[in-house]
Every structure is written in C-alpha cells, then in structure tokens.
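What follows is a set of notes on a single structure, which appears directly below.
Every chain is numbered from 1, with letters handed out A, B, ... down the list of sequences. Just the heavy atoms: all of them, side chains too, but no hydrogens, waters or symmetry mates, feed the values below.
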Protein chains: 2
Amino acid sequence: MANKEEKQLDIPEGEFLAAREDVVKKVLEQQPADEILYDLAELFKVFGDSTRIKILYSLFETELCVYDIARLLNLSQSSVSHQLRILKTSKLVKFRREGKSVFYSLDDEHVREIISMGMEHVEE
Amino acid sequence: MANKEEKQLDIPEGEFLAAREDVVKKVLEQQPADEILYDLAELFKVFGDSTRIKILYSLFETELCVYDIARLLNLSQSSVSHQLRILKTSKLVKFRREGKSVFYSLDDEHVREIISMGMEHVEE
DNA sequence: TTATCATATGTTCATCTGTTCATATGTATA
DNA sequence: TATACATATGAACAGATGAACATATGATAA
C-alpha cells in the first residue's frame with residue numbers, strides 16, 4: 001500500500017507515509033456509503049434556505065395554515081406553498097386539512113434538534 | 001387586531017379569528033431576528049453539498065491534509081481546496097501548516113452533532 | 001537561486017434554485 | 001348550481017452555485 005515511492009526514502013519517512021496510508025484507508029472504511037452522504041446533503045440543503053428556515057421556525061410551537069404563514073412572514077401564498085411542498089417531500093412537516101384551510105406542523109423532533117444545534121453554532 | 005372583518009361574523013367565528021391573530025402575533029414575537037435566521041440558513045447551506053459533507057465526514061476521526069482528502073474522495077485538488085475555503089469561512093474546520101502540507105480538522109463539536117442529528121433523520 | 005511539491009485562487013460555464021405570475025384544484029356557502 | 005375562498009401547481013426568468021481549468025502563492029530542498 002505504502003510502497004509506491006519511486007525514490008528510495010529513508011526509513012522514518014517511509015514509516016510516516018505508511019502511517020498516512022493507514023489513516024486514509026481507515027477513514028475510507030469508516031465513511032458511510034455515498035448514497036447516504038448524498039441523502040444527508042440533500043436533507044441539509046432543505047434547511048439551507050432562509051424562507052424554509054423561517055417557515056420551520058414558525059411551526060416550532062404551533063401548527064399554522066398556509067395563509068397565516070404567508071401573512072406572518074410577509075411572503076406570497078405561492079412561494080409558501082412551493083416551499084411547503086419541499087418540506088413535505090423531505091418529511092420535515094406534516095399537514096391536516098380543516099375545511100378550506102390546510103394546517104402544517106413539524107413532522108419530527110429531529111427538525112427541532114437540528115435547527116437548535118445550528119442555532120448554537122450561529123449564536124456563539 | 002382581530003377586527004378587520006368586513007362582514008359581521010357571529011361570535012364564535014369572531015373569537016376563532018381573534019385566537020388565530022393571537023397565535024400569529026405570538027409566533028412573530030418568538031421568531032428570532034431575520035439576520036439570525038439568514039445566518040442559520042447560510043450555515044445549513046454549507047452542509048447541503050455532498051462534496052462538503054464527505055470532506056467533513058472524513059475529518060470526523062482525524063485531521064487530514066488537502067492532498068489526502070482529494071485522494072481519499074477521488075476529487076481534484078482544486079475542488080477540495082475551494083470547498084475547504086468555504087468550510088473555513090463558516091468556522092466548521094480549522095487548519096495547521098506542517099511543512100508544505102496543510103492539515104485540516106473539525107473546528108467544533110457542533111459540526112459532529114449537527115451531522116449526527118442529520119444522520120439519524122436520514123437513516124430512519 | 002531554481003526546481004518541485006502542496007495548496008490557494010480567479011475565471012468561465014453549465015446547471016440548479018427560488019420567486020413571480022397565471023391558472024388549476026379543492027372546499028364550503030349562498 | 002355559481003361564487004368566493006384557500007391552497008396547489010406549471011412555466012418562465014433571474015440569480016446562485018459547483019466543477020474544471022489555468023495560474024498564482026507558499027514552502028522546502030538541491
């Protein structure tokens with residue numbers, strides 16, 4: 001593994017390179033499958049938009065209908081609806097119909113936890 | 001606050017609307033400043049790319065130099081360096097110089113925690 | 001100094017993303 | 001049924017973003 005040096009290296013240097021190879025190999029073994037890391041990035045991408053963050057934060061304590069979210073955040077109904085669809089697809093929010101309105105709420109404790117963790121980093 | 005209805009509504013309906021106004025008002029009061037929510041979204045945006053996630057994950061257990069990260073993840077040196085700059089700017093990684101190499105490592109326990117939280121959601 | 005290795009940076013380009021506008025769907029009421 | 005209200009969806013456009021390439025900087029050794 002660590003023997004592809006062309007020039008002959010002294011022993012300490014050789015040992016150092018071998019150690020690096022081992023580290024690289026171990027990291028590779030511990031790395032989750034590409035697909036999982038891709039999904040993980042996709043998840044964070046959803047949190048990576050201020051409109052969606054605002055919507056999620058609004059739902060921290062209570063459910064809200066689309067119209068109230070739009071009013072609250074001074075956004076267009078269309079924009080809110082589009083973003084809610086993304087949040088729905090990512091399983092971050094759930095909804096229930098009540099008459100003409102649709103009430104959205106957080107789907108999962110993870111959402112709160114992930115955002116709270118992020119907050120700690122931002123507020124430092 | 002809840003008296004902008006044009007048509008006269010019966011009392012229960014009026015009370016319902018008033019209650020909704022209160023909810024909206026309370027949510028608004030609890031919402032962090034726009035600037036903070038913007039920064040929060042920016043933070044998650046950094047996590048929202050599979051190349052950067054892979055780099056961060058590689059640094060979970062050990063520091064690594066740029067060249068080894070590139071080799072490990074089969075990425076170009078340029079690409080890794082660009083992404084490391086973004087991670088550096090966001091205070092997610094720190095670095096130390098050793099001779100010609102620069103070794104990067106996670107800057108913060110929050111990084112590990114945020115990624116772990118995300119993992120739990122993805123692996124469900 | 002010059003050569004070489006390791007990393008950083010600037011620029012270009014194709015692709016992705018969020019918003020807006022228009023319109024469709026769904027629901028309740030007259 | 002027709003009408004209004006609440007939400008969802010489709011299309012188009014502007015702005016953002018990541019990768020690749022070339023090149024610059026920094027550090028060590030000859």
Residue list, side chain to side chain donor-acceptor pair (under 3.5 Å) with A:E120, at least two apart or on another chain: B:H110

Contiguous pairing runs of three or more, Watson-Crick or G-U under 3.5 Å, that involve DNA chain C: C:1-30 with D:1-30

Pairs under 3.5 angstrom only: tabulate donor-acceptor contacts from the side chains of residues 81-92 of chain B to other protein residues two or more places apart or in another chain.
from  : atom 1 : to     : atom 2 : distance (Å)
B:Q83 : OE1    : B:R52  : NH1    : 2.8
B:K88 : NZ     : B:Y104 : OH     : 3.4
B:T89 : OG1    : B:R85  : O      : 2.8
B:S90 : OG     : B:I86  : O      : 3.0

Listed pairs under 3.5 Å, donor-acceptor, residues 32-42 of chain A side chains, sequence neighbours left out:
from  : atom 1 : to    : atom 2 : distance (Å)
A:D34 : OD2    : B:K54 : NZ     : 3.2
A:E42 : OE2    : A:K45 : NZ     : 3.1

Any base atoms under 4.0 Å from B:F95, or only sugar-phosphate, or nothing? Heavy atoms, all strands. nothing

Sequence neighbours excluded, the answer for side chain to side chain donor-acceptor pair (under 3.5 Å) partners of A:S58 is B:Q31

Nucleotide N/O of nucleotides 20-25 of chain D paired with protein N/O under 3.5 Å:
from   : atom 1 : to    : atom 2 : distance (Å)
D:dC21 : N4     : B:S78 : OG     : 2.5

Checking A:K94 now: which residues fulfil side chain to side chain contact (heavy atoms under 4.5 Å, CB included) with it, not counting sequence neighbours? A:S105, A:D107

I'd like to check the side chain to side chain donor-acceptor pair (under 3.5 Å) partners of B:H121; sequence neighbours left out, ordered by chain and number. none

Hits for salt bridge (charged side-chain N to carboxylate O under 4.0 Å, His left out) against B:D68, two or more places apart or cross-chain, chain-then-number order -> A:R20, B:R71

Close residues, residues 45-59 of chain B, relative to DNA chain D [heavy-atom separation under 4.0 Å]: B:K45, B:D49, B:T51, B:R52

Using a 4.0 Å cut-off to any heavy atom of chain A, which nucleotides of DNA chain C are the first and last in contact, reading 5' to 3'? C:dT17 to C:dA28

According to side chain to side chain donor-acceptor pair (under 3.5 Å), who are the partners of B:R97, at least two apart in sequence or on a separate chain? none

